[in-house]
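Values reported hereafter were calculated over all heavy atoms of this structure, with side chains retained and with hydrogens, waters and symmetry mates removed. Below, read A as the first sequence line, B as the second, and so on, with proteins coming before strands; counting in each chain starts at 1.
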There are 2 protein chains.
Amino acid sequence: MRSDAKENYHHLLVTARAVVAEEGANASMRDIARKAGVGPATLFRHFPTRDALLDTLLRGSLEELTQKANALESAPSADDALVTWLHEAVAFVRIYSGVVTLMASALSDASSALHASCAGLRSAGTRLLARAQAVGTADKNMTGSDLFALIGALGWIGDQASYSARSDYLFNVIASAILINRPSRDVAMGII
Amino acid sequence: MRSDAKENYHHLLVTARAVVAEEGANASMRDIARKAGVGPATLFRHFPTRDALLDTLLRGSLEELTQKANALESAPSADDALVTWLHEAVAFVRIYSGVVTLMASALSDASSALHASCAGLRSAGTRLLARAQAVGTADKNMTGSDLFALIGALGWIGDQASYSARSDYLFNVIASAILINRPSRDVAMGII
DNA sequence: ACCTGAACACCGTTCAAGT
DNA sequence: ACCTGAACACCGTTCAAGT
């Protein structure tokens with residue numbers, strides 16, 4: 001990459017992060033280019049799709065979250081490990097509004113630039129779920145994809161002005177539904 | 001209303017229903033006008049906002065759903081009544097993709113043409129919830145707005161290609177979380 | 001090798017001009 | 001009283017032309 005291209009690339013990323021933080025994952029691509037001071041074509045050559053841009057934007061955090069899941073596999077309580085990770089996953093998707101919908105469609109589209117990162121994260125979550133199913137109280141009918149769907153659902157709730165204030169409570173509602181055989185949902189709150 | 005205007009209005013509604021069924025609640029307004037064979041300005045005078053169009057499109061079903069809630073208030077089991085209604089509410093929002101997000105934002109925007117219909121439905125649902133909290137096993141910390149948030153979350157799940165196949169299972173997961181003190185989530189399935 | 005402005009085909013929304 | 005095409009300010013995306 002030529003040095004001016006490198007400069008463009010980095011400035012584009014910094015700007016994109018700010019704009020996406022402000023406007024959400026469906027922010028105008030043109031607006032990002034404009035605010036970065038480059039033509040729209042320059043943005044599109046560096047990031048041929050919105051998914052490609054978001055993959056670059058999110059990959060670091062997605063990998064972090066994947067590693068946290070891996071680390072939690074050796075935590076003493078399988079249930080607590082799952083709930084802790086779930087909490088972090090929901091906190092992550094709430095950073096950028098609209099990102100859960102993008103991630104969901106990336107999962108069903110193998111050609112999306114975001115697909116691999118999302119699928120990797122899902123695998124890591126699936127292992128935590130499996131352990132909680134084996135030695136914990138997690139619902140045995142649930143799949144890793146279901147877990148992702150519920151994370152997405154909580155992300156969606158967080159994106160809605162009318163519901164977002166209640167998202168901590170609704171997290172506990174859903175967490176207690178996953179750990180179906182726990183005595184009370186309040187157990188989930190102690191570990192945060 | 002002049003007779004040609006009346007004709008336009010009805011044709012617009014029929015077309016809009018078809019297009020929204022096909023493309024979802026965020027279908028292009030211009031496309032609806034085009035397919036109805038009128039200019040965009042004609043659509044916008046009949047329905048000054050997308051919410052106004054969707055209110056007209058949905059009002060009948062929303063009122064039906066509200067009345068069903070009212071009727072279920074005298075059902076023998078408060079829990080079953082709540083779950084039955086929840087099931088119908090989720091089935092309804094799944095008809096038009098994207099409609100839950102529109103409804104959620106209508107709830108937080110009193111000036112939306114959809115606001116009244118949605119708020120009315122929420123009230124009816126809230127009464128069913130309250131009864132299940134009083135004489136049933138519904139979680140006492142839950143509000144009617146939380147119930148709506150969960151309906152929306154299930155609608156969102158139904159809108160995602162990657163998750164929609166599992167929405168019946170996830171309905172049961174969430175229904176069991178609302179009726180927190182039931183012995184098993186399988187109880188919820190008998191009444192459908 | 002990279003960038004750019006202009007172009008294409010859209011969108012929601014409005015308005016002057018028509019009948 | 002109602003409708004219309006054209007207009008305005010956008011959008012994602014592409015491409016020929018520049019340096």
Taking 4.0 Å as the cut-off, does a side-chain nitrogen or oxygen of [X] come that near to OP1 or OP2 on [N]?
X        : N       : answer
Ser28(A) : dC10(D) : no
Arg45(B) : dC2(D)  : no
His46(B) : dC3(D)  : yes

[X] [atom1] - [N] [atom2] separation (whole Å):
X        : N       : atom1 : atom2 : result
Leu12(A) : dC2(C)  : CG    : P     : 14 Å
Asn8(B)  : dC2(D)  : CG    : C1'   : 9 Å
Leu53(B) : dT13(C) : CG    : P     : 11 Å
Phe47(B) : dC2(D)  : CZ    : C1'   : 15 Å
Glu23(A) : dC10(D) : CD    : P     : 13 Å
Arg50(B) : dC11(C) : CZ    : P     : 11 Å
Met29(B) : dT13(C) : CE    : C1'   : 10 Å
Leu54(B) : dG12(C) : CG    : P     : 13 Å

Using side-chain heavy atoms (C-beta onward) and a distance below 4.5 Å, is [X] in contact with [Y]?
X         : Y         : result
Leu57(B)  : Leu13(B)  : yes
Leu147(A) : Thr126(A) : no
Arg34(B)  : Asp31(B)  : yes
Leu58(A)  : Tyr96(A)  : yes
Asp55(B)  : Phe47(B)  : no
Leu65(B)  : Trp85(B)  : yes

Original post:
In residues 104-118 of chain A, which ones come under 4.0 Å of DNA chain C, going by heavy atoms?
Top reply: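 Result for residues 104-118 of chain A: none.
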Subject >> For DNA chain C, the residues among residues 37-44 of chain B that have a non-hydrogen atom under 4.0 Å from it >> reply: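 Result for residues 37-44 of chain B: Pro40(B), Ala41(B), Phe44(B), sorted by number.
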Subject >> Identified stems (criterion: three or more consecutive Watson-Crick or G-U pairs, under 3.5 Å), DNA chain D >> reply: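 C:4-8 with D:12-16, C:12-16 with D:4-8 - these are the stems of 3 or more pairs that involve DNA chain D.
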**OP:** Using side-chain contact (heavy atoms from CB on, under 4.5 Å) as the criterion, list what pairs up with Val93(B), not counting sequence neighbours.
**Re:**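 Val93(B) satisfies side-chain contact (heavy atoms from CB on, under 4.5 Å) with Val99(B), Val100(B), Met103(B), Ile151(B) once adjacent residues are dropped.
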Original post:
Do the side chain of Ser74(B) and the main chain of Ala71(B) share a donor and acceptor less than 3.5 angstrom apart?
Top reply: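 Confirmed, Ser74(B) side chain pairs with Ala71(B) backbone.
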Original post:
For Tyr163(B), does its backbone N or O pair with a side-chain atom of Ser167(B) as donor and acceptor, under 3.5 Å?
Top reply: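 Not at all, since once roles are kept as given, no pair shorter than 3.5 Å links the two residues.
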Subject >> Arg30(B) side chain, from C-beta outward: closest of dT4(C), dA7(C), dG12(C) >> reply: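 Looking only at side-chain atoms, Arg30(B) lies closest to dG12(C).
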Original post:
Which of the following nucleotides, dG12(C), dG12(D), dC11(D), is nearest to the side chain of Asp31(A)?
Top reply: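 From the listed options, dC11(D) comes nearest.
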Original post:
What pairs of residues pass the salt bridge (Lys or Arg N to Asp or Glu O under 4.0 Å) test when at least one of them lies in residues 39-51 of chain B, not counting sequence neighbours?
Top reply: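 Found none.
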Original post:
Taking only residues at least two apart or on different chains, which pairs with a member in residues 101-129 of chain A satisfy salt bridge (Lys or Arg N to Asp or Glu O under 4.0 Å)?
Top reply: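 Output for this query lists Glu73(A)-Arg127(A).
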Subject >> Atom pair CG/CG of Leu53(B) and Leu43(B) - distance to nearest 0.5 Å >> reply: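 Going from CG on Leu53(B) over to CG on Leu43(B), the span is 6.5 Å.
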